[in-house]
Protein chains: 2
Amino acid sequence: MIFLERDEIAALVDMRLAAPAIEAAYQASTANEIELPPVGHITFPDHNADCHIKFGHHRSQPTFVIKVATGFPNNDPARAPTGNGVSIVMSAETGETLAILYDQMLLTDVRTAVGSAIATRLLARPDACKLLVVGTGAQAGQQIKAHRELLDRELDISIWGRSPEKASGMAAKHDADVATDLEAACRNADIIVSVTGARSPIIASDWIQPGTHITAVGADAPGKHELAFELINLADHLAADSIEQCLDHGEFSMLESSRHGDVVELGTLITSPPVRSDDQLSIADLTGTAAQDIAIANCILTAHAEQGS
Amino acid sequence: MIFLERDEIAALVDMRLAAPAIEAAYQASTANEIELPPVGHITFPDHNADCHIKFGHHRSQPTFVIKVATGFPNNDPARAPTGNGVSIVMSAETGETLAILYDQMLLTDVRTAVGSAIATRLLARPDACKLLVVGTGAQAGQQIKAHRELLDRELDISIWGRSPEKASGMAAKHDADVATDLEAACRNADIIVSVTGARSPIIASDWIQPGTHITAVGADAPGKHELAFELINLADHLAADSIEQCLDHGEFSMLESSRHGDVVELGTLITSPPVRSDDQLSIADLTGTAAQDIAIANCILTAHAEQGS
């Protein structure tokens, strides 16, 4: 049995190798090739916190994955990270535990950011280069890395956060600019990636210029919202990692029912990219799926095996 | 973070200490003090196998537990055990991973057997001493240990299995007798503990003498049955670890709806033991709950902490 700690896993992460694996996972998920039971969920209301248990089996693979991830946003990061967790890889042929990846949320952060960059790559204008990241958690840093690694263009990146200090720190760490005014920053952006834990919309509809692409990542549970409801309903292109999850508890849970049929899964867009004009608005809503967790865990185990060989 | 392997965990198991913890867990579960979301489930039809993910949070405790257990009954035990798994203990205050118990099913086996012995102790006649164990898997051995440790009387134990060789091996290992004829063994028993993976009843109604107690453990998923349906409906006392689970996918899923109201949870019986006469039939149906998984994981961590102090 392979047991890897976070540092060992971090050394094996390669977003450029993860991207095609996660694209394939989106396609397999859309093609219904992955058994993805309902996500397990425990809440800790006193801490505004929760634990998600995502698990599934890509039926053509010899392994399956159970991923546990906690989100305790009120944690003081100096004492405990706001996210934590473990991935378990088991044999689909014998039920044996093959690997325990004690990644402490790293793989969730990586697969989420890689999925976002895939969505941005599929949906944003080909010349879109002004990227605004809204949010300053661990996920914001991974989003910057993933967009830099996976978009084939030079990006002009700025970061906005409720805490200007955190935004400054994150900007300095990732060689990006600080945005002090969210409205002005949204008006100026080609691409907006929102990665906050907001429970009511923080991005207004009239701040968004024609031609903008938004990848919305923060809304991953009922009651979480980052985008103005009218903004979602105005979008020309609507993409989701999982239509079912996004309509149920993602940003798209506020989509008018008449538009539900317009939502397209990333797994479809990979082979049939959207045809967009330069003044259209596109929004990708990502809630995160076990398909990604399976893909990233397998990437790490493949890299680990290659390292050992 | 504490990481313990199976051998280390085995050295910390103490059924006599686990029993009161599991009794308290049954009581807390019945009192609705434990958040117990629906059990996660992945099936592997090609192997007649599955994976259960049980998780929950006893709201007065600072930790919560996620337990993963696989059952691959077709495995050749010489190559891979038929059961496997991991328990993860996390902080309900920070979401941090406190312990990974790589127990490979041991804790599931132990907490199941302890729960069974608790049920037998609550329901069987006080002088019942002829125990028949039906089944020869790892669970059969744990049942013998648990009943010997937790019933305050000398037991006369026999084992029946579809494979006479396995029954002989198990009997020799646990200093018990082999039963060659299931009907005769059932007719002679005061207590029957059934721990098979049977998918159709193997214990007939007219084999069971008045005064017998049966603890049925094998039926833990839809389509599994060990007891004749009429036998269940004849029972004077019906007990369950979880009424909801047992009526849904346990032995009691075949109970006539007119008798659903007669089923009592072990958590209730602990403080209000059943009043039984010597010629009544009692049946306990156990499907296993995350409440037990939480209790046994905490027992191991307590023993580990005491060992280190």
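Given the structure is predicted, the values throughout are model-derived calculations rather than measurements.
Looking at heavy atoms from C-beta onward, B:E35 lies in side-chain contact with A:T43 at the 4.5 angstrom threshold. For the pair B:F3/A:I100, a side-chain contact is recorded, criterion being any heavy-atom separation below 4.5 Å from C-beta on.
Ring-centre distance between B:F44 and A:F64: below the 6.0 Å cut-off.
Remark: B:D7 CG is loosely packed, at most 12 non-hydrogen atoms of other residues, nucleotides or ligands lying under 6.0 Å away.
Neither the backbone nor the side chain of B:Q104 comes within contact range of chain A; no heavy atom of the residue lies under 4.5 Å from a heavy atom of that chain. Contacts between B:R59 and chain A at a heavy-atom distance below 4.5 Å are absent for every atom of the residue. Using a 4.5 Å cut-off between heavy atoms, B:A49 makes no contact with chain A at all. For B:M90, the part lying under 4.5 angstrom from a heavy atom of chain A is the side chain only.
For the set A:A69, A:A92, A:P37, the count of heavy-atom pairs under 4.5 angstrom toward chain B peaks at A:A92.
Shown are B:I53, B:I88, B:I66; of these, the side chain to side chain contact (heavy atoms under 4.5 Å, CB included) with A:I88 is made only by B:I88.
Between B:E96 atom CD and A:M105 atom CE the span is 13.5 Å, to the nearest 0.5 Å. Between atom CE of residue A:M1 and atom CZ of residue B:R6 there is a gap of 13.5 Å, rounded to the nearest 0.5 Å. Rounded to the nearest 0.5 Å, atoms OG1 (B:T97) and OH (A:Y102) are 4.5 Å apart.
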